[in-house]
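Throughout, protein chains are lettered first and strands after them, A, B, ... in sequence-line order, and every chain is numbered starting at 1.
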Number of protein chains: 2
Amino acid sequence: MDAQPTDGRSGEAATDSVESASTTATEEGCCGGVAHALSDRDLEFDVETLATVGNRTRYETLRLVAAADGGVCGCEVEPALDVSQGAISQALSRLHDADLLTRRKEGRWRYYDATPRAERLLSVLDGTRPNADGGSGGRS
Amino acid sequence: MDAQPTDGRSGEAATDSVESASTTATEEGCCGGVAHALSDRDLEFDVETLATVGNRTRYETLRLVAAADGGVCGCEVEPALDVSQGAISQALSRLHDADLLTRRKEGRWRYYDATPRAERLLSVLDGTRPNADGGSGGRS
DNA sequence: TAACTATATTAGTATACGCTTATATTAGCA
DNA sequence: TGCTAATATAAGCGTATACTAATATAGTTA
């Protein structure tokens, strides 16, 4: 029941350092401590990046923009995805806020382009899919 | 005279299973069609990958595992994150299902390790953060 | 001016998510 | 046999998410 570790980390406000324990008591007992080297801010930023693309509509939107070169306007994305205009606008907006799309205004249009972060992300996804070599089936 | 945006989308990647984007050569507006070259299966797989890491608990779990080399057991992760044991187990399980962690059983422990896909993903995130040092060690 | 197109924003809502708690299972050890 | 540690699983629940529909705001053209 009260098997809660209660390591007393709740409500912390330290925003820029590794907080986890680092007592590497390995060898005998297994449960020592592990740690990573990410600041809280970077962690939050990465999670936001991933959560943003971790949605079908937004991911496909990003793919569409990245696939075309030279910029894509929102109205071009709309007919390709089976969701409402509002949804597309929200998707583009969030992708932009997450630093995955650049945005430039031109007349009544808005042109979007993938950022380097987005492009490298997509590239890794393409390069590490289990069935990357074209074979069908693949994993599972 | 028509102030058409830089259209010129041609060559609609006639891949195997891009389902949407009817590409019905619309009227004179800007809104033609764009397309990406991803199959529905790959799309789904990528989104699942991203949605899995796009959560604080799971992302931090993955970071902890990836930071240590040689495998980490669940009980080592537990004290580092301020969530219950059940939450950690669910996180590790989902990361494994998403092909981001390998898992091997040893006695009463389960050892996890980051897959290449996970490692390259983390590497890109590290290398493309806005505040990343100019070094940009990300090779990928 | 009005009409029209592209986009943004808002409210409302059904659903999915992520956690906790409790319980079950599995493995080592006294 | 217990007993304990590590892990898995399930129900329950508060909250966040991702849409739609309606409306508002720009910019363009007639």
Rounded to whole Å, CH2 of Trp109(B) lies from C1' of dT4(D) at a distance of 12 Å

- [ ] Tell me whether the OP1 or OP2 atom of dT25(C) has a side-chain N or O from Arg110(B) closer than 4.0 Å.
- [x] no

Every protein N/O lying under 3.5 Å from an N/O of nucleotides 23-27 of chain D:
{"unit_1": "dG27(D)", "atom_1": "OP1", "unit_2": "Lys105(A)", "atom_2": "NZ", "d": "3.4"}

Here the distance between atom P of dA8(D) and atom CG of Asp97(B), to the nearest Å, is 11 Å

The side chain to side chain contact (heavy atoms under 4.5 Å, CB included) partners of Glu78(A) (sequence neighbours excluded) come to Gln85(A), Ile88(A)

Give every pair of a protein N or O atom and an N or O atom of nucleotides 13-18 of chain D that lie under 3.5 Å apart, one pair per line with the distance.
{"unit_1": "dA18(D)", "atom_1": "OP1", "unit_2": "Arg58(A)", "atom_2": "NH2", "d": "3.2"}
{"unit_1": "dA18(D)", "atom_1": "OP2", "unit_2": "Arg58(A)", "atom_2": "NH1", "d": "3.1"}
{"unit_1": "dA18(D)", "atom_1": "OP2", "unit_2": "Arg58(A)", "atom_2": "NH2", "d": "3.1"}
{"unit_1": "dA18(D)", "atom_1": "OP2", "unit_2": "Arg94(A)", "atom_2": "NH1", "d": "3.3"}

The salt bridge (Lys or Arg N to Asp or Glu O under 4.0 Å) partners of Arg63(B) (sequence neighbours excluded) come to Asp46(A), Asp126(B)

Of dT20(D), dA8(C), dA8(D), the nucleotide closest to the side chain of Ala87(A) is dT20(D)

In whole angstroms, the gap separating P of dT5(C) from CD of Glu76(A) amounts to 17 Å

Only distances under 3.5 Å count here; give the side-chain donor-acceptor pairs of residues 95-103 of chain A to other protein atoms, sequence neighbours excluded, each with its distance to 0.1 Å.
{"unit_1": "His96(A)", "atom_1": "ND1", "unit_2": "Arg103(A)", "atom_2": "NH2", "d": "3.4"}
{"unit_1": "Thr102(A)", "atom_1": "OG1", "unit_2": "Asp113(A)", "atom_2": "O", "d": "3.4"}

Residues at least two apart in sequence or cross-chain that pass side chain to side chain contact (heavy atoms under 4.5 Å, CB included) with Ala66(A), listed by chain then number, are Ala114(A), Leu122(A)

Rounded to whole Å, the CD1-C1' distance (Ile88(A) to dT20(D)) equals 13 Å

Arg94(B) meets the salt bridge (Lys or Arg N to Asp or Glu O under 4.0 Å) criterion, sequence neighbours left out, with Glu48(B)

Closest non-hydrogen contact found for Trp109(A) with Cys75(A) is CD1-SG, 4.0 Å

Across all chains, not counting sequence neighbours, the salt bridge (Lys or Arg N to Asp or Glu O under 4.0 Å) partners of Glu119(A) are none

Considering only heavy side-chain atoms of Val83(B), the closest of dC19(C), dT7(C), dA6(D) is dC19(C)

Whole-Å distance, Glu60(A) CD to dC19(D) P, equals 11 Å

Here the distance between atom P of dT7(C) and atom CZ of Arg104(A), to the nearest Å, is 12 Å

Correct closest heavy-atom pair for Arg117(A) and Thr49(A) would be NH2-OG1, 3.0 Å

In whole angstroms, the gap separating C1' of dC19(C) from OH of Tyr59(B) amounts to 21 Å

Applying salt bridge (Lys or Arg N to Asp or Glu O under 4.0 Å) to Arg104(B) and not counting sequence neighbours gives Glu106(B)

In whole angstroms, the gap separating P of dT5(C) from CD of Glu78(A) amounts to 12 Å

